[in-house]
Amino acid sequence: MCTKGAFPHRSACSLPLTCVYTYIVCVPVLWGSVPWGMKLHCVSLWLLGTILMLCSVDNHGLRRCLISTDMHHIEESFQEIKRAIQAKDTFPNVTILSTLETLQIIKPLDVCCVTKNLLAFYVDRVFKDHQEPNPKILRKISSIANSFLYMQKTLRQCQEQRQCHCRQEATNVTRVIHDNYDQLEVPSAAVKSLGELDIFLAWIAKNNEVTSSA
């Protein structure tokens, strides 16, 4: 716990927000009578308080945008049909997701936006474009699609509350995926994207776990 006049040796974003209110009161009413040294000290503490507040808001927004869906259940559903889907892939040397190393270096601030964009990619394009004749596989795909719709709803609420920011880096990642998809015929692109769905699921699980522990 912070006490008046103390300065804990921790990173700014890890400090508890209660410290801010302890330091802000150091600014006196008769500001002109305060020595310059104390003025600089109080200004520094005020800036620290501002940083703490911004960090708290940012981390709070990330926590509220976490996906609460059972990812393990979705991954199990996909594993049951993965082999059958990938057997239909006529372009084994082409990829849509797996060469995107940028997915692995997405910053925490962009996780929400990239997740939202890729969910839309699968819901609006892949699932709709794929024509599945096998009823068992179709049921599994429909189950995954419903889970994606639920996740979209969660992230849409975050976006409405301005907690899911889309920076240029996140937009660029999405554009590359759509460009890769457009290079193939629609049926082949849909099969290819379904076959690589485990890459996206693993990325969602990893980044939500990392974000929640931040």
Side-chain angles (χ1 to χ4, degrees), residues 65-107 109-160 164-208:
C65 289
L66 286 177
I67 296 173
S68 59
T69 305
D70 185 358
M71 295 303 302
H72 182 67
H73 174 72
I74 301 177
E75 290 170 347
E76 283 186 342
S77 296
F78 174 70
Q79 289 301 323
E80 294 179 14
I81 62 174
K82 178 180 178 179
R83 183 174 298 179
I85 293 292
Q86 292 183 343
K88 301 177 182 179
D89 187 358
T90 56
F91 297 93
N93 296 325
V94 178
T95 183
I96 293 178
L97 291 180
S98 60
T99 60
L100 277 180
E101 296 180 357
T102 50
L103 275 180
Q104 308 305 321
I105 58 174
I106 291 294
K107 297 179 180 179
L109 188 61
D110 296 320
V111 167
C112 178
C113 180
V114 173
T115 304
K116 175 182 67 69
N117 290 345
L118 292 186
L119 286 172
F121 166 72
Y122 272 95
V123 170
D124 298 336
R125 300 196 70 179
V126 179
F127 295 146
K128 289 183 178 180
D129 289 342
H130 181 66
Q131 302 296 321
E132 180 55 56
N134 187 316
K136 181 179 179 180
I137 296 178
L138 183 59
R139 284 195 297 269
K140 292 295 182 180
I141 294 177
S142 297
S143 175
I144 296 173
N146 288 333
S147 297
F148 277 24
L149 287 171
Y150 176 80
M151 288 189 279
Q152 276 189 309
K153 180 180 179 181
T154 300
L155 297 184
R156 191 176 298 115
Q157 292 173 347
C158 290
Q159 189 176 27
E160 291 173 353
C164 191
H165 306 287
C166 285
R167 303 193 306 164
Q168 189 61 44
E169 291 86 346
T171 303
N172 291 341
V173 170
T174 308
R175 183 181 298 113
V176 170
I177 293 176
H178 281 278
D179 289 344
N180 291 342
Y181 191 89
D182 291 335
Q183 290 177 7
L184 297 176
E185 295 293 330
V186 171
S188 299
V191 169
K192 173 66 67 176
S193 299
L194 281 175
E196 296 180 344
L197 186 59
D198 54 340
I199 298 172
F200 180 41
L201 295 177
W203 184 83
I204 292 178
K206 174 184 176 182
N207 280 276
N208 275 266

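At least one side-chain heavy atom of Met71 sits less than 4.5 Å from a side-chain heavy atom of Leu201. Counting heavy atoms from C-beta on, the side chains of Ile106 and Val173 come closer than 4.5 Å. Within the 4.5 Å cutoff, side-chain heavy atoms of Met151 are placed close to those of Phe148. Two residues are said to be in side-chain contact when any heavy atoms from C-beta on lie closer than 4.5 Å; Glu196 and Val126 fail this criterion. Residues Ile144 and Leu197 are in side-chain contact: their nearest non-hydrogen atoms beyond the backbone lie under 4.5 Å apart. Proximity of Cys112 to Leu155: side-chain heavy atoms (C-beta onward) are separated by under 4.5 Å at one or more points. Residues Phe200 and Leu119 are in side-chain contact: their nearest non-hydrogen atoms beyond the backbone lie under 4.5 Å apart. With contacts defined as side-chain heavy-atom distances shorter than 4.5 Å, the pair Trp203/Leu97 does not qualify.
Between atom CD1 of residue Ile85 and atom NZ of residue Lys192 there is a gap of 12.5 Å, rounded to the nearest 0.5 Å. Annotation: the span from Ile177 atom CD1 to Leu118 atom CG amounts to 4.0 Å, rounded to 0.5 Å. To the nearest 0.5 Å, atoms CD1 (Ile96) and CG (Asn180) are separated by 6.5 Å.
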- Test His178 against Arg125 for side chain to side chain contact (heavy atoms under 4.5 Å, CB included), laying out the working first. CA-CA 9 Å; His178 281 278; Arg125 300 196 70 179; 2.9 Å; yes
- Carefully, step by step, assess Cys166 and Lys116 under the rule side chain to side chain contact (heavy atoms under 4.5 Å, CB included). CA-CA 10 Å; Cys166 285; Lys116 175 182 67 69; 4.0 Å; yes
- For side chain to side chain contact (heavy atoms under 4.5 Å, CB included), just list the numbers for Gln152 and Leu149, CA-CA rounded to whole Å, side-chain angles, deciding distance to a tenth of an Å, and then say yes or no. CA-CA 5 Å; Gln152 276 189 309; Leu149 287 171; 3.5 Å; yes
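A centroid separation of less than 6.0 Å is found between the aromatic rings of Phe121 and Tyr181.
At most 12 non-hydrogen atoms from other residues, nucleotides or ligands lie less than 6.0 angstrom from NE2 of His73.
What you find for Cys113 and Ala170 is that their closest heavy atoms are SG-CB, 3.7 Å. Contact detail for Glu75 and Ala205: the closest heavy-atom pair is OE2-CB, 4.0 Å.
No salt bridge links Asp182 with Arg175; every basic N to acidic carboxylate O contact stays at or beyond 4.0 Å.
When atom types are taken as modelled, the side chain of Lys128 and the backbone of Val123 share no donor-acceptor pair closer than 3.5 angstrom. Counting only distance, with no hydrogens or angles, the side chain of Ser188 and the backbone of Leu184 share no donor-acceptor pair below 3.5 Å.
Of the candidates Lys82, Glu76, Arg83, Lys82 is the only one forming a side-chain contact (heavy atoms from CB on, under 4.5 Å) with Gln79.
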For residues 132-141, tabulate all N or O donor-acceptor pairs below 3.5 Å that involve a side-chain atom, not counting sequence neighbours.
residue: Glu132; atom: OE1; partner: Lys88; partner atom: NZ; Å: 2.8
residue: Glu132; atom: OE1; partner: His130; partner atom: NE2; Å: 2.8
residue: Glu132; atom: OE2; partner: Lys88; partner atom: NZ; Å: 2.9
residue: Glu132; atom: OE2; partner: Asn134; partner atom: N; Å: 3.0
residue: Asn134; atom: OD1; partner: Lys136; partner atom: N; Å: 2.9
residue: Asn134; atom: OD1; partner: Ile137; partner atom: N; Å: 3.4
residue: Lys140; atom: NZ; partner: Glu80; partner atom: OE1; Å: 2.8

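Using cut-offs of 30° and 60° on the angle between ring planes, the pair Phe127 and Tyr122 is tilted.
For the residue pair Asn172/Gln168, the side-chain donor-acceptor check at 3.5 Å is satisfied.
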